[in-house]
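Here you go, one structure.
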Amino acid sequence: MATEAAPMDEKAKRMRDLLSSFYTPDPSISTPTSSISTSFDNINGPSFDADQYMDLMIKKSNLDVLLQRHVQMAAEIKNLDTDLQMLVYENYNKFISATDTIKRMKSNIFGMEGNMDQLLHKIMSVQSRSDGVNTSLFEKREHIEKLHRTRNLLRKVQQFIYDLPARLQKCIKSEAYGDAVRFYTGAMPILKVYGDTSFKDCRRASEEAIETIIKNLQTKLFSDSESIQARAEAAVLLKQLDVPVDSLKDKLLEKLEQSLDGLQINPDEASKLAEHNVSSKDEESNNQGPAKIHEDAVRGFSEAMRAYREIFPDSEERLFKLARALTTTHFENMELYIRKRVSAADFLGIFREYSAFPPADVLLLSNSLRIIWEDVVLMDEVLPEAALSDLSAEAAQVTLKQFVARTFSHLQQDISDTLLKFDINQKEVVDGEVLKVVLEASGKAEFRQLLDENTGIFVKMNDLLIGWIQKGFQDFFSEKIHAGLILVLAQLSVVIEQKVIPRIAEEITASFSGGNSQAFIPGELCRVFHAASEKLLQHYIDTRTQKISNVLRKRFKTPNWVKHKEPREVHMYVDMLLQQLEEVGKEVKQILPQGTFRKHKRSDSNGSNTTTSSRSTTLHSDKMARSNSQRARSQLFETHLAKLFKQKVEIFTKVEFTQESVVTTTVKLCLKSLQEYVRLQTFNRSGFQQIQLDIQFLKAPLKETVEDEAAIDFLLDEVIVAASERCLDVTPLEPPILDKLIQAKLAKSKEHNNNNNKTTVSS
Amino acid sequence: MQGGSSGIGYGLKYQARCISDVKADTDYTSFLTGTLSLKEENEVHLLRLSSGGSELICEGLFSHPNEIWDLASCPFDQRIFSTVFSTGESYGAAIWQIPELYGQLNSPQLERVASLDAHVGKINCVLWWPSGRCDKLISMDEQNIFLWSLDCSNKSAEVLSKDSAGMLHSLSGGAWDPHDVNAVAATGESSVQFWDLRTMKKVNSIERAHVRGVDYNPKREHILITAEDESGIHVWDLRKAKAPVQELPGHTHWTWAVKCNPEYDGLILSAGTDSAVNLWYASASSTNNKAPESPVESTRERVNLLLNSYTDYEDSVYGLAWSSREPWVFASLSYDGRVVIESVKPFLPRL
């Protein structure tokens, strides 16, 4: 049994160790005994071998000891058993209580969910409450912050106002009125409201300072020595200070008006200027003087206007009025001046004497117009709303219209009075210049206006121009005036067509770079003038030939050609014819340019026209030499034959604007008329001889004056042929007799010329 | 000379001034023309335009005792016509009848129906009433105007009435109003004068010098056209005769004759001494429209007025006549005796 007990003890001990090691973390404390025993006899050691221990025990110890040992071991086992039981019990107890606790916990957890929800809800409501509180308090907080800032500001303002008088004084000293006014106006409201309180002293002091400032500013405003800007500033400052400026404004504007009077001497200056120009070319530098002064004055004026406009924005109306008044006065003066100049008796004289210059009037007019235009431009910049350009354009139109009308009427008068004494080219220049100036002015004037308006006005302008000219022409036509005048007009039209219109076109393209050229079609205008000039030239020739026709008509109506007496001398109508032609020649020479080519002299030319004409003469002289009875018949035949072989002489060619062309055309038409008159008559022998003689005499002088000899020869021959056809008895004069009669006539006319050159009296 | 002429030519032997449309010939387009030769035997030619319109045939050739200054065909009898002739020293006027059997005779003589021998001065023209059968005739010399009553069957003419225009006026030609059998216009030295044949008194005048030709517009009443030496052609409305309704430039030299087309209103033909015949169109609308136009327009219009200029002539053109049967055809006669028939069809404006 001992053996059994021993293992039992050991087992219990081991159990005990395990348990104690389980329950007490420190094994050293729990097993002090086991550590004393050696490894073999350490029953608690892990390498304990019960058999070995038994063997060893038996071997070493005696019974007593063994017994002892056995008792000890049995007790130890007993102890261990109780310990074990205790432990198990305790553990069980603990387990039961743990189970109880868990059971309890379980029952507790069951009601928790609802509670949690409740809790959440509560927390939420708490949060919203806190938000509400927050917002309701926000405004107040802001307000408080603002108040805080205002308080800071007020503190500063207070500082500023307390400093104000000192600062103003400082400004006055340094003349920084602008700053002073700024400060004062800044402080004003405060002073006004709280002036009676603690700021009383400050207010008084600063008001005093401002008084001084106002005074200073007023003196500044009225002192002429100050620059306009400074004055304008002063005015602005005064205005800011609520000083009543209207009276000041009135005073200033009055001053301005007065200064305008200074500007209005302009036309007189200009006239002086023009007179300078007329009297001497060298004095041109002088001309610049008044012009410059004037320009400066106007510039000053416009500056002042600008300033005033800035100063008194509400006074624009008045300024407009002023500017308009200025322009109007300008134009009135111009008008006056034009009237004066144009009606002056020396109108003609000026042109004639100073033919080297462009006419003074036109120069003057254009000068004045230019000056005025410049003024207007200057002013227009300042007052664009005043529509000064419109006004001036209108006024310029009116003035120029007047001018042109006046010049035209004078022109008309003068021309009809003194056509032949007068150098006509001058007048062309006048008219040309006038037109140019008109167009220039209009071109410039309209530059600023709206495009639509432009077109309208331009078209109107064109119409006006054409209207004036045509009216002028018609006036000329309706009155039966000198034929030369028509010629002048024809030439004038040419000049307009060739020179003026291109210039106008240039002017217009220069003015309207935008390409608004539909309104003005130079081609069309040119065509009109071209047509007009051709018509006028034709008209001139018509009137001339009509006159000559009358001479011829009388010549052929009056005598009874069938009972004509033998020719004794060249008939007087030849003289009249030549005289008329000479007159034409004279007029033409004065007015029209010479042709590009000189007439061919028969002697030194082998041109084609010479051959035809000489052929016709030979034929003719053959005819004349022969004097057989059958001549009439053969002559007609011959004429037809000659016509067949001769190239048709172009009698009616186009008239050109040259002296020769016009004279030639006139002569041709006259000879054709002569032929027609001859064809209407019937001649006896003497009548035919008279015609022969007259024509023979005409030959030489006509060839002198005329360009196309072939045609003249042809026409003269035609007259003879016509006469021979209408003659009952064709017997030409013998050449010697013909010669003698012609020589007699020449001698007579020469003598006549020597005796009295006053008039060409018909013999 | 200026090529491309479509005209049909016919040459007379001598010079000639006058040509007349044979209005009474309804079967053919024919013209009568007479020569003007002082010394040779003068002829009257009856010309007929072939049916194809390509040829001008001499239908009859009759000798006439003196040179012919004016010739007018009777509007109701194609065989009767009047001439004004001159011996060189004296003038005469007569009504002639083309003989019945002239086709068979070699050189048939004209039958003299009547002589208008009351004149003393230079006779200018004999007028038939252009609109139809009227047994009255008008003849003019330089100072007087005569109204004749013609009796063809009895071969006699009597002076019904006469009036003197006065020495100074020296009449040169005239026209009988186709709208009014009692109105006659005569051209004078310084004016165009109008007679009322019932009273044989002057009733009106247009002061216009040197009028050569005058013609009434057969399509419109009160419209008269004049041709003047230097100043071209004028259209007048006789109700307001102060100023012309329209002006046409006329010719380079004198405008000698002017004729209104019998059918197309506004179509005017003029002949001039510049050896040309001009065809004008003076439209009715432009004559009514007297408002002043812009100068540009009026010149443009003027250019368009001249429809064509026939220049293929060697000498002055004095004779001019529209055909009444084919109103687009006209005959022109230049002084060298050349008759040219032209058609204006290619130049007519689109009406």
Side-chain angles (χ1 to χ4, degrees), chain A residues 462-463 466-467 469-470 521 524-525 527-532 535 538-539 541-550 553 557 560-563 632-633 636 639-640 643-644 647-648 650-655 665 668-669 672-673 675-676 679-684 718 722 725-730, chain B residues 1-2 11 13-15 17 36-40 66-67 69 86-91 122 124 142 170 172 189-190 209-210 212 228-232 247 249-254 256 272-276 292 294-300 302-303 311-316 318 335-338:
Chain A
N462 276 349
D463 287 352
I466 294 169
I469 288 157
Q470 290 216 332
I521 308 151
E524 195 74 343
L525 267 184
R527 223 175 47 70
V528 172
F529 276 107
H530 189 75
K535 226 174 127 193
Q538 199 56 50
H539 190 81
I541 291 171
D542 282 354
T543 30
R544 274 307 179 183
T545 46
Q546 221 157 4
K547 246 180 161 175
I548 296 169
S549 266
N550 276 337
R553 189 195 315 270
K557 277 268 161 81
N560 189 344
W561 287 96
V562 187
K563 291 171 182 156
R633 174 94 205 223
L636 188 64
T639 325
H640 283 289
K643 268 185 189 163
L644 272 179
Q647 76 185 76
K648 192 178 181 183
E650 283 295 325
I651 306 169
F652 304 107
T653 46
K654 197 172 152 41
V655 189
T665 312
K668 279 180 188 168
L669 288 174
K672 183 69 187 167
S673 303
Q675 180 195 5
E676 293 297 335
R679 279 182 180 178
L680 286 171
Q681 302 299 332
T682 312
F683 302 93
N684 64 0
E718 282 285 295
E725 279 165 6
R726 297 299 310 157
C727 180
L728 295 164
D729 174 15
V730 183
Chain B
M1 299 288 145
Q2 308 218 335
K13 218 195 250 172
Y14 310 114
Q15 289 166 339
R17 277 183 179 268
L36 181 84
S37 173
L38 206 51
K39 282 149 274 184
E40 310 303 317
N66 298 102
E67 58 169 6
W69 283 87
S86 160
T87 59
E89 289 173 61
S90 64
Y91 281 86
K122 178 183 171 187
N124 288 311
E142 281 185 318
S170 95
S172 58
E189 178 90 310
S190 58
H210 317 314
R212 288 250 167 234
E228 287 149 51
D229 276 4
E230 272 90 4
S231 26
E247 289 182 41
H251 288 257
T252 324
H253 197 236
W254 299 350
W256 193 275
T273 49
D274 58 349
S275 314
S294 103
V296 178
E297 280 174 66
S298 58
T299 46
R300 202 172 282 152
R302 192 152 300 147
V303 170
T311 55
D312 195 13
Y313 299 92
E314 298 286 311
D315 209 331
S316 307
Y318 302 122
Y335 190 57
D336 54 5
R338 222 167 87 81

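Here is the naming used below: chain letters follow the sequence lines, and residue numbers restart at 1 for every chain. If you're wondering where the values come from, they're calculated on a predicted model, not measured in any experiment.
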Exercise. Is there a side-chain contact between B:Arg17 and A:Leu680 (heavy atoms, below 4.5 Å)?
Worked result: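 Yes, their side chains come closer than 4.5 Å.
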For this session: Could you check A:Asn550 against B:His210 for side-chain contact (heavy atoms from CB on, under 4.5 Å), going step by step and ending with a plain yes or no?
Result: CA-CA 10 Å; A:Asn550 276 337; B:His210 317 314; 3.1 Å; yes
Problem set entry | Engaged part of B:Glu189 at the chain A interface, taking heavy atoms whose separation is under 4.5 Å |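 Looking at B:Glu189, just its side chain touches chain A.
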Problem set entry | A:Lys668 NZ to B:His253 NE2 distance, which is reported to the nearest 0.5 Å |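 Separation between the atoms: 12.5 Å.
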Problem set entry | chain B contact via A:Ser673 - which portion, at a heavy-atom distance below 4.5 Å |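 Answer is both: backbone and side chain atoms of A:Ser673 are under 4.5 Å from chain B.
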Problem set entry | Check: B:Tyr14 and A:Glu725 side chains under 4.5 Å, non-hydrogen atoms |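 In short, these two side chains do not touch, never coming nearer than 4.5 Å.
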Exercise. So which part of A:Asn684 gets closer than 4.5 Å to some heavy atom of chain B, the side chain, the backbone, both or neither?
Worked result: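 Contact with chain B is absent: no heavy atom of A:Asn684 under 4.5 Å.
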For this session: Apply side-chain contact (heavy atoms from CB on, under 4.5 Å) to A:Arg679 and B:Ser316, showing your working.
Result: CA-CA 11 Å; A:Arg679 279 182 180 178; B:Ser316 307; 3.4 Å; yes
For this session: Using atom types as modelled and distance alone, determine if a side-chain donor or acceptor of B:Lys39 lies under 3.5 Å from a backbone N or O of A:Asp729.
Result: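 No, B:Lys39 side chain to A:Asp729 backbone: no donor-acceptor pair under 3.5 Å.
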For this session: Evaluate the side-chain contact (heavy atoms from CB on, under 4.5 Å) criterion for residues A:Arg726 and B:Leu38: first the C-alpha distance (whole Å), next the side-chain angles of each, then the deciding distance (0.1 Å), finally the verdict.
Result: CA-CA 7 Å; A:Arg726 297 299 310 157; B:Leu38 206 51; 3.8 Å; yes
Exercise. Would B:Tyr318 and A:Glu676 count as a side-chain contact (heavy atoms from CB on, under 4.5 Å) if you check the C-alpha gap in whole Å, the side-chain angles of each, and the deciding distance to 0.1 Å?
Worked result: CA-CA 11 Å; B:Tyr318 302 122; A:Glu676 293 297 335; 2.2 Å; yes
